[in-house]
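Please read the structure below before turning to the comments.
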Amino acid sequence: MKNKILITSALPYANGPIHLGHLAGCYLPADIYYRYQKLKNRDVIHICGTDENGVPITIEAERDKKSPQELVDFYYKHIKESFERLGIVHDNFSRTSIPLHHKNAQSFFKKVNDKNYIITKRTKQYFCPECKRFLADRYIEGTCPFCDSKEARGDQCENCGRWLDPENLISPRCKICGGTPILRETEHWYFRLDLLQPELEKWIEPKKHWKNNVKRFCRGWFKEGLVPRAITRDLNWGVPVPLEEADGKVLYVWFDAPIGYISSTMEWALRIGKPDRWKDYWLDSETSLVHFIGKDNIVFHAMVWPAMLIAHGDYVLPSEIPANEFLNIKGGKFSTSRKRAVWLHEFLDIFEPDLLRYALSVNLPENKDTDFDWDDFQKKVNNELANILGNFVNRTISFVNRVYSSKVPAAVNLSAEDREMLEYLLKTRGVIEDRIEAFELKKGIKALMELAKEANRYFDRTKPWETIKEDKEKCSRTINTCIQVVDGLAALMEPYLPFTSKKILGMLDIERNEWEKVGEPRIPENKKMGKIEILFKKVDDERIRIEKEKLGIEEAEMVEIISIDEFSKVEMKVATVESAEKVENTQKLVKMVVDIGGEKRQVVAGIAEFYSPEELVGKKIIVVTNLAPAKIKGIESNGMLLAATKDNELALLTIDKPIDVGAKVS
RNA sequence: GGCGGCGUAGCUCAGUCGGUUAGAGCAGCGGAAUCAUAAUCCGCGUGUCAGGGGUUCAAAUCCCUUCGCCGCCA
């Protein structure tokens, strides 16, 4: 490891709050790594910020009836505060909407452009006259040319799974306003990844120790061959392309976002009053540039971004890309857009930050996806943090308080047993170092818990509650050793459990030991203890029940997601009501004959309280035509009409423009 | 459609460039202890390592194939 380390964590997109999946994927590992390097006295900074450009933000803003700026202002603050509450430390937490970043991204673009790594291409793209904007592929819907599904997206038909070009869609419409988009010619700038492939391959080749997921990804891409990739978009939100002929174009988010790492470092340098300080990292080949990301970001950080840096030429390239897999929520995925998540800010309203830091650390998705589960969380807190770690600290300090009037007893002539305990502490320091350096953070926290267990075993073996009566010197050696271990634990846990570390140090009434000195006893005889407190309160069943219920409610609200396949099983048609009569002896039922286009059907529906038979006749309605026939009150019903209901209201679905009876609805 | 990944004890996960009786934590069962947040400590695992086939003296680990889940890409 080089002595200078620049850590970045993926810029969170400013369209929603942070959830546990984000944390486990990169923010928590980055923080643990950063805190550890700090303890090792390395020259290290941790840089991050929100990614605030791109189409989704403009659309989200529109939906919320806000300006994009208002939206990102809100989430910038929200995300920054959430991180702070969890103890995630950034030297600088910037944002990609600031002028500094715009300027920086533009000069990056210009330099790469001057070096001929950028070309232009004219293409035709759909433009929505209603929304007055070009539409990204996935914001166009239409009929799939292959399977006739009506709900195909511009990039892919989810019904038949085929990949599409938006121009091939039959009767395309704008997903946002429903209007009909038109093809319009536009010009875009493309980054010549193809030119850079040989250099990229040469660069990646020696990175043997990188994680498999990263290497595999790259191999796949190289095999297919890289192609020029569009780096501009027609949009009025983002970093304007710094060319006269590029009016109305902005840089594509994936191009400007990683440049944000540099901008954020520059902002940091300005903030600390040393404007050139950022160069010490970005322009020095002795810098180890470490990008913490989730696996969804591998392509950009292992291929595109290094290619950009090579093309630019001035900056260091990534040294490490410890990409994590995903943390799922009990089987399913976390999803910001679907609001299926355990949100960090809500979590912290209820639980101490270290509980989460522990539960996530010990189950980080380092090799494969892992699950977050509330029962599991409770067990980890109660059985591991509270019982093993918390209890060891507590039994030790309360022993000192009770037996030795809160003063640390002497350690004269340590026995082999005592020395073994201290050696275990020292050994654990080494294990944690090795594991963290190798980006196996999960093993580091496990080693810490092993130390706590070993300490409990030592306590039990040496039985101070007995030796206090028959061998006072031995007892005082034991307790002294335990105190030294508590002190060591406090230092070693700092990267993972910084809040708990502080609490313990408060109880010992001492500053944190230097990392390199952990293992050498340093708490002096007669040291007075500070105020004792319980480290971890247990999480009770009721709390967990509530949290699980919350998740359940959110799931219920979002209903089951069905595929277009499932949906298209339902056939619906426009129909006219030919005749209608109330079914006798019922309150709600109406019997109708409807024309569904060359075929008449008898349909029974429970709408009599809302529509009289007279007003129904002649109405054009929507009928499900392939529903299995059913008998209602002995009358056969051959279809179902559609109506919207809420509370005590009901409204029939109809059509807002004349169309022939029998027209399919989809 | 192509490419890739994953599927290991009741639960959460290690292990996989082939090699002794497949591991840990939690849960469970039995015991010890009582300083401590009824916490701790000791002992106890007959799992088709998703199914099937193959290579090998030897496979959870390599190859083929089926099933299930997931991701990436024109």
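In what follows, chains are A, B, ... by sequence order, proteins preceding strands, each numbered from 1. For clarity, every value in this text was computed on a predicted model and none was experimentally measured.
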Distance under 6.0 Å and angle within 45° of ring axis: [X] vs [Y]:
X	Y	result
A:Arg233	A:Phe134	no
A:Lys380	A:Phe377	no
A:Arg192	A:Tyr117	no
A:Arg402	A:Phe399	yes

Name each donor-acceptor pair under 3.5 Å that joins a side chain in residues 410-422 of chain A to protein atoms two or more places apart or in another chain, with its distance.
unit_1	atom_1	unit_2	atom_2	d
A:Ser415	OG	A:Glu417	N	3.4
A:Ser415	OG	A:Asp418	N	3.3
A:Ser415	OG	A:Asp418	OD1	3.4
A:Ser415	OG	A:Asp418	OD2	3.0
A:Asp418	OD1	A:Tyr458	OH	2.6
A:Asp418	OD2	A:Ser415	N	2.9
A:Asp418	OD2	A:Arg477	NE	3.3
A:Arg419	NH1	A:Leu414	O	2.9

Rounded off to whole Å, could you give me the [atom1]-to-[atom2] distance for the [X] and [N] pair?
X	N	atom1	atom2	answer
A:Trp374	B:rU12	CH2	P	17 Å
A:Lys443	B:rC13	NZ	P	16 Å
A:Phe377	B:rA27	CZ	P	16 Å
A:Phe372	B:rC13	CZ	C1'	16 Å
A:Met449	B:rC41	CE	C1'	15 Å
A:Phe459	B:rU34	CZ	P	13 Å
A:Asp376	B:rC13	CG	P	8 Å
A:Lys380	B:rA27	NZ	C1'	12 Å

Under 3.5 Å between N/O atoms: give me all the protein pairs with nucleotides 36-39 of chain B, atom names plus distance.
unit_1	atom_1	unit_2	atom_2	d
B:rA36	O3'	A:Asn394	OD1	2.9
B:rA36	O2'	A:Asn391	ND2	2.6
B:rA36	O2'	A:Asn394	OD1	2.7
B:rA36	N1	A:Arg395	NH2	3.4
B:rA36	N3	A:Asn391	OD1	3.1
B:rA36	N3	A:Arg395	NE	3.3
B:rU37	N3	A:Phe536	O	2.8
B:rU37	O4	A:Phe536	N	3.2
B:rA39	OP1	A:Lys538	NZ	3.1
B:rA39	O5'	A:Lys538	NZ	3.1
B:rA39	O2'	A:Asn387	O	3.2
B:rA39	O2'	A:Asn391	OD1	2.6
B:rA39	O2'	A:Asn391	ND2	3.3

Hey, do the aromatic rings of [X] and [Y] have their centres closer than 6.0 Å?
X	Y	result
A:Tyr358	A:Tyr496	no
A:Trp374	A:Phe347	yes
A:Trp210	A:Trp203	yes

Item checked: Listed partners of A:Glu470 passing salt bridge (charged side-chain N to carboxylate O under 4.0 Å, His left out), at least two apart ->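 Salt bridge (charged side-chain N to carboxylate O under 4.0 Å, His left out) list for A:Glu470, sorted by chain: empty.
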Next item on the list: Report the residue (A:Trp221 or A:Leu327) whose heavy-atom-nearest nucleotide on RNA chain B is the more 5′ of the two.
Entry: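 Nearer the 5' end of the strand: A:Leu327.
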Margin query: Quick check on RNA chain B: between A:Lys442 and A:Lys453, whose nearest nucleotide comes earlier from the 5' end?
Written below: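 Final value for this comparison: A:Lys442.
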Item checked: Donor-acceptor pair between A:Asn213 and A:Glu325 side chains, under 3.5 angstrom ->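 Yes, because at least one side-chain N or O of A:Asn213 sits under 3.5 Å from a partner of the opposite role on A:Glu325.
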Item checked: Distance between C1' atoms of B:rG23 and B:rU61 (Å, rounded) ->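 The answer is 15 Å between these two C1' atoms.
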Notebook entry, point to check: When rounded to the nearest Å, what value does the distance between C1' atoms of B:rU16 and B:rC49 take?
Noted result: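 11 Å, rounded to whole Å.
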Item checked: Sub-4.0 Å heavy-atom contacts from residues 463-470 of chain A onto RNA chain B, ordered by number ->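 Contacting residues: A:Trp465, A:Glu466.
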Check: Going by heavy atoms closer than 4.0 Å, what residues in residues 493-507 of chain A are next to RNA chain B?
Finding: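 Heavy-atom contacts with RNA chain B come from no residue of residues 493-507 of chain A; none.
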When both hydrogen-bonding distances must be under 3.5 Å and the geometry is Watson-Crick or G-U wobble, what is [N] paired with, if anything?
N	value
B:rG23	B:rC13
B:rC29	B:rG43
B:rU34	none

Check: Is a side-chain donor or acceptor of A:Asn382 paired with a backbone partner of A:Val539 at a separation under 3.5 angstrom?
Finding: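 Yes: the side chain of A:Asn382 pairs with the backbone of A:Val539.
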Note to self: Between A:Thr232 (side chain only) and A:Trp189 (backbone N and O only), is there a donor and an acceptor less than 3.5 Å apart?
What the structure shows: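 At least one qualifying donor-acceptor pair exists.
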Next item on the list: Please name the pair of heavy atoms, one in A:Pro306 and one in A:Leu200, separated by the smallest distance, quoted to 0.1 Å.
Entry: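 So the minimum-distance heavy-atom pair works out to CB-CD2, 3.8 Å.
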Notebook entry, point to check: Under the salt bridge (Lys or Arg N to Asp or Glu O under 4.0 Å) criterion, do A:Glu187 and A:Arg122 qualify, and how do the steps go?
Noted result: CA-CA 4 Å; A:Glu187 181 171 43; A:Arg122 298 197 71 82; 3.8 Å; yes
Notebook entry, point to check: Mind checking whether A:Val408 and A:Leu508 have side chains closer than 4.5 Å, heavy atoms only?
Noted result: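 Result no, sub-4.5 Å side-chain heavy-atom pair not found.
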Between N or O atoms, less than 3.5 Å apart, protein on one side and nucleotides 3-9 of chain B on the other: list the pairs.
unit_1	atom_1	unit_2	atom_2	d
B:rG7	OP1	A:Lys368	NZ	3.4

